[in-house]
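Starting from 1, each residue takes its place in the sequence as its number. As the structure is a prediction and not an experimental result, all values here were calculated from the model. When reading the values below, keep in mind they use all heavy atoms of this one structure, side chains included, and skip hydrogens, waters and symmetry mates.
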Amino acid sequence: MSSTSRSNFYTKSNLVYIPFSITIAHILIFIVNSPSSTWQKFPPELPNSVYSSVFFAPILLFISLTYEPIHTRKRFYVLLSLALLFVSIPMIYRGNKSSLHNCFVTIALAHGMKMLLFLKLNRTYKYPKNSKNFKPYFWTLFNWRFNSYIIPPKSDYSNEKEKSLIIKSTTTSQINKRLLKCLMIIIAKWLMFELVFSTFLISTKWATETPEKVYQVRLLEFFTKGITPTTIPSILYILHFFACAYLWMSINYDAPIFIIAIIFRLFFHSTSKNNHYQSILIRFGFLNPSEYISLKEWMITLLFNTKPLFEEPWMASNPRDFWSTRWQLFLNEFLKEYGFLPVRNLLTPIIPRKIANMMGVLGAFAISSLLHEFLMIANFNIWTGEQSFFFMIHGLIFILWETIFGCEKKDEITMIKRVLKWVLLLVINLLILPAFVEPSLRNYKYSEISTLTSGYAQRYMKNL
């Protein structure tokens, strides 16, 4: 096969059109061959392979329709419909107990946010000048973290020492150190996860049963009837579970980073001294030179100049520090574009800007609550309102904290004040945390999760 024919076959469009054609053909074959009884109830029971085809068909079509700029409203609304259809499929099959469905729920949430963000930022029918900078959705798949520099290279507030942290061209030594560091972090977190999860399974033998009454109602009863909403052992048990969830999410972010680092080392970093060296990705027609350079720059930014997903959240001494710079930074851009900015821009003409900003903060927390309620409904087919309560209370705490302490100057904040604020924030988080965790504890069978040490932990529990 010639290099030209290889180039024609391995085009980006074919990487989408071929899987899309296969999924559609698979769905049609199932429809033709399935008995009529399959369609007598909604949603129909589908084999995992067909369910997978139904799930991925909308996003593959979405990708294929976004190789060109969105020049018309009609095209925009077609793409918006596909994005909403993609997100709605796990909701239609909500409560499905299979691990495949749980995986699809997470994918739908992550890509649903990304698709909606792509549509908002690329409405070229509304902003024609943006068509010059348009990149297909296929290419945005390689960029999940917008504005991700640790210190913006052109920031007026960054000093020379901070600017030196930005890496624009890497050496072999830097890449090898990054790979080794990434691998060591993953191994350390995995060992911690095995230990924490095994002890969590053992602790379930003595843990009190999670109350069926939702947490916000129990808090209300505390203020009206004096009934304690939770106990210290329950909070410690919840904190134990939360540590498992934190480590699991952190590992699931670090592992892809390690894989990307390997790909960068093998295909994007040349050790050749030949100035005319051409990557195998270009020679075989997978990428053209401009795409290759763009992808290489993104990988350098992600691997060397991007903050981690979680940056020591336990060190936060105020809500802004916790939510904006330390916890789940993956969601920041989406929450800003779909929560904070729309509410702030809507209210700025009619109320003072400071109050509009406060309402924007509540808007961001409201969107976050909807995302987490989506996870609860799609995974467990339940809605208790506890996720909404958790995030909206945190939104109010954020605003109150900024109102009370926001005027303090940096030189006025002593170490004692910082420690006292840290303790206050910790107490607040622990008191509200049950609303976030308890829905999962009630509905998820953690004994079914298989890890290297979970079997030993369960056998140990049986012998107690």
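Checking side-chain atoms of Y51 against main-chain N and O of E45 turns up no donor-acceptor pair under 3.5 Å. At least one donor-acceptor pair closer than 3.5 Å links the side chain of S88 to the backbone N or O of L85. A distance-only check finds no donor-acceptor pair linking the side chain of N381 to the backbone of I377 [under 3.5 Å]. Under the 3.5 Å distance criterion, the side-chain polar atoms of T66 are matched with a main-chain donor or acceptor of I63. No side-chain donor-acceptor contact under 3.5 Å links W323 to the backbone of G395. Of the possible donor and acceptor atoms, none in the side chain of S250 sits under 3.5 Å from a partner among the backbone N and O of Y246. Remark: the backbone N or O of V214 is not paired with any side-chain donor or acceptor of E438 at under 3.5 angstrom. Using a distance-only test at 3.5 Å, with no hydrogens or angles considered, no donor-acceptor pair links the side chain of R326 to the main chain of P313. For the pair Y215 (side chain) and T230 (backbone), a donor-acceptor distance under 3.5 Å is absent. Between the side chain of N48 and the main chain of L100, no donor-acceptor pair closer than 3.5 Å is present.
The CG atom of L109 sits 5.5 Å away from the CG atom of L371 when rounded to the nearest 0.5 Å. In this structure, CG on L191 lies 12.0 Å from CD1 on I186, to the nearest 0.5 angstrom. Between N252 atom CG and L247 atom CG the span is 11.0 Å, to the nearest 0.5 Å. Atom-to-atom distance recorded for R344:CZ and K336:NZ is 9.5 Å, nearest 0.5 angstrom. Within the model, atoms CD1 of I59 and CD1 of I89 stand 10.5 Å from one another, a figure rounded to the nearest 0.5 Å. K181 NZ to R178 CZ: the interatomic distance, rounded to the nearest 0.5 Å, is 6.0 Å.
In this structure, M359 and L362 have side chains that are in contact, with non-hydrogen atoms separated by less than 4.5 Å. Using a 4.5 Å heavy-atom cutoff, the side chains of P19 and I22 are not in contact. With contacts defined as side-chain heavy-atom distances shorter than 4.5 Å, the pair L433/I235 does not qualify. Side chains of L430 and I238 form no contact here, defined as non-hydrogen atoms less than 4.5 Å apart. Contact annotation: the side chain of I367 never approaches that of F340 to less than 4.5 Å [non-hydrogen atoms, C-beta and beyond]. D321 is not listed as a side-chain neighbour of M315, based on a closest heavy-atom distance of 4.5 Å or more. Two residues are said to be in side-chain contact when any heavy atoms from C-beta on lie closer than 4.5 Å; K189 and I185 meet this criterion. With a 4.5 Å cut-off on side-chain heavy atoms, L179 and F264 do not count as touching.
Considering all non-hydrogen atoms of both residues, I27 and A57 come closest at CD1-CB, 4.4 Å. The two residues C244 and F200 have their closest heavy-atom pair at SG-CB, 3.9 Å. Residues L329 and S324 approach most closely at CD2-O, 3.5 Å, considering heavy atoms. Scanning all heavy atoms of the two residues, the minimum distance from L303 to A261 falls at CD1-CA, 3.8 Å. Minimum interatomic distance between A435 and E386 (heavy atoms only, all atoms of both residues): O-CB, 3.2 Å. Among all heavy-atom pairs drawn from L116 and A83, the shortest one is CD2-CB, 4.4 Å.
Within a 6.0 Å sphere centred on CE of M392, heavy atoms belonging to other residues, nucleotides or ligands number more than 12. Heavy atoms of other residues, nucleotides or ligands lying less than 6.0 angstrom from CH2 of W327 number more than 12. Applying the 6.0 Å contact sphere to CH2 of W401 captures more than 12 heavy atoms from other residues, nucleotides or ligands. For W314, the CH2 atom counts as densely surrounded, since its 6.0 Å shell holds more than 12 non-hydrogen atoms of other residues, nucleotides or ligands.
Cation-pi geometry between K120 and Y338 is met: the NZ or CZ atom falls under 6.0 Å from the ring centre, inside 45° of the normal.
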| query | Does the ring-ring contact (aromatic ring centres under 6.0 Å, His included) test come out yes or no for F268 and Y292, once each step is laid out? | reply | CA-CA 8 Å; F268 288 86; Y292 175 83; 5.0 Å; yes

| said: Determine whether I70 and L119 satisfy the following criterion, side chain to side chain contact (heavy atoms under 4.5 Å, CB included), listing intermediate values before the conclusion. | reply: CA-CA 8 Å; I70 308 170; L119 289 176; 3.8 Å; yes

| request: Would you check, one step at a time, whether the test ring-ring contact (aromatic ring centres under 6.0 Å, His included) holds for F86 with F55? | output: CA-CA 7 Å; F86 176 69; F55 177 74; 4.8 Å; yes

| query | Would R94 and F374 count as a side chain to side chain contact (heavy atoms under 4.5 Å, CB included) if you check the C-alpha gap in whole Å, the side-chain angles of each, and the deciding distance to 0.1 Å? | reply | CA-CA 10 Å; R94 59 190 177 273; F374 171 86; over 6 Å; no

| Are F62 and F56 close enough, and set up right, to give a ring-ring contact (aromatic ring centres under 6.0 Å, His included), and what steps lead you there? | CA-CA 10 Å; F62 183 95; F56 285 110; over 10 Å; no

| What's the verdict on side chain to side chain contact (heavy atoms under 4.5 Å, CB included) for F304 and T170, showing C-alpha distance, side-chain angles and the deciding distance? | CA-CA 9 Å; F304 297 96; T170 57; 3.4 Å; yes

| request: Go through Y77 and R73 one step at a time and tell me if the side chain to side chain contact (heavy atoms under 4.5 Å, CB included) criterion holds. | output: CA-CA 6 Å; Y77 286 117; R73 289 182 181 273; 4.1 Å; yes

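No close placement of the F322 and F398 rings is indicated, their centers lying 6.0 Å or farther apart. The aromatic ring centroids of H372 and F391 lie less than 6.0 Å from each other. In this structure, the ring of H394 has its center less than 6.0 angstrom from the ring center of F390.
Not counting sequence neighbours, E311 has no partner by the side chain to side chain donor-acceptor pair (under 3.5 Å) test.
Between the side chains of T301 and N305, not a single donor N or O lies within less than 3.5 Å of an accepting N or O.
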